Every structure is written in C-alpha cells, then in structure tokens.
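Structure, as structure tokens:
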Amino acid sequence: QVQLVESGGGSVQAGASLRLSCAQSGRTPVLYAMSWFRQASGKEREFVAAISVGAFPHYADSVKGRFTISRDKAKNTAYLQMNNLRADDTAVYYCARGWMTNEDNDWGRGTQVIVSS
C-alpha cells in the first residue's frame with residue numbers, strides 16, 4: 001500500500017508562507033488525483049485543495065488566491081504552497097489520494113501549521 005507522509009508545517013506569524021509536501025512511499029503508486037485537507041482543533045476535517053491527474057486545480061473559497069497546489073509526478077510528491085497565512089489557517093494538514101476525497105482507507109499523521117497573529 002502507498003503511504004503518504006506530510007511535512008513542512010511549523011509555527012509562523014500571520015502573513016508568512018509555508019510549503020507543505022506530501023511524499024508517497026511504499027510500492028510504486030498508480031497516478032491519482034491528490035487533495036489536501038485540514039482539521040482545526042474542535043472542528044471537522046475540511047477540504048482545502050485538489051489537483052487532478054491532468055494538473056487541474058480546485059480550491060476551497062477560504063484559500064483561493066493564497067494557496068497553490070502542485071505536484072511532481074516524477075517524485076511522487078504533492079505540494080501545497082501557502083502564502084499570506086492567517087490565524088484561521090491554523091490546523092493539522094493532511095494529504096490524500098483522490099479528487100476532493102480520500103480514496104484510501106487511511107490518513108497520514110498530518111503536519112501541524114500554527115499561525116500567530
């Protein structure tokens with residue numbers, strides 16, 4: 001089974017930028033759409049961004065214009081470039097294989113993003 005490992009989170013000030021990475025490991029994966037989700041403390045997991053096999057992106061309204069999803073197919077890695085971070089971006093960020101969903105029966109550990117105002 002393919003394992004997804006998120007990295008790149010941290011604690012930053014509002015207005016800063018971070019780039020999250022989602023590395024796929026294990027057996028050679030079949031090409032999938034990729035998505036990012038996040039879950040803030042006490043809230044439901046919510047969709048953030050998705051990128052199709054053909055590299056077509058889609059974003060939640062809350063991050064449009066600030067976040068960019070991309071992928072490097074050769075490296076089996078997806079990215080989430082987050083600019084102009086706000087306090088309400090604070091959450092644990094998870095990646096998943098699927099178009100705005102998780103096609104697997106598992107979630108990674110996620111990577112914590114904390115934005116201080």
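Keep in mind that what you see is a predicted model, and the values were worked out from it rather than measured.
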Discussion item. Quick check on side chain to side chain contact (heavy atoms under 4.5 Å, CB included): which of Asp89, Val63, Val113 does Met82 satisfy it with?
Written reply: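 The residue from Asp89, Val63, Val113 that satisfies side chain to side chain contact (heavy atoms under 4.5 Å, CB included) with Met82 turns out to be Val113.
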Distance check, rounded to the nearest 0.5 Å: [X] atom [atom1] versus [Y] atom [atom2]?
X	Y	atom1	atom2	result
Ser70	Arg19	OG	CZ	7.5 Å
Cys22	Arg71	SG	CZ	9.5 Å
Ser7	Arg109	OG	CZ	13.5 Å
His58	Ser35	NE2	OG	9.5 Å
Asn83	Thr68	CG	OG1	6.5 Å

Are [X] and [Y] in one and the same hydrophobic cluster, where Ile, Leu, Val, Met, Phe, Trp and Tyr link if side-chain heavy atoms are under 4.5 Å apart?
X	Y	value
Val92	Met34	no
Tyr94	Leu80	no
Tyr59	Ile51	yes
Phe67	Val12	yes

Is it true that a side-chain atom of [X] and a backbone atom of [Y] form a donor plus acceptor pair closer than 3.5 Å?
X	Y	value
Thr111	Gly9	yes
Asn102	Asp104	yes
Lys43	Ala91	no
Thr90	Ile114	no
Glu6	Cys95	yes
Thr77	Lys75	yes
Thr101	Gly98	no

For residues [X] and [Y], report the shortest heavy-atom separation together with the two atoms involved.
X	Y	value
Trp99	Pro57	CH2-C, 4.4 Å
Arg86	Ser62	NH2-O, 3.5 Å
Ser117	Ala14	CA-CB, 4.1 Å

Worksheet item: By the rule that ILVMFWY residues connect when side-chain heavy atoms come within less than 4.5 angstrom, directly or transitively, which residues belong alongside Tyr79?
Response: none
Item to complete: Answer yes or no on whether Arg45 is positioned over the face of Phe37, meaning its NZ or CZ is under 6.0 Å from the six-membered ring centre and within 45° of the axis.
Response: no
Worksheet item: Between Glu46 and Gln39, is a side chain to side chain contact (heavy atoms under 4.5 Å, CB included) present by the stated rule, with each step listed?
Response: CA-CA 6 Å; Glu46 66 175 351; Gln39 186 168 23; over 6 Å; no
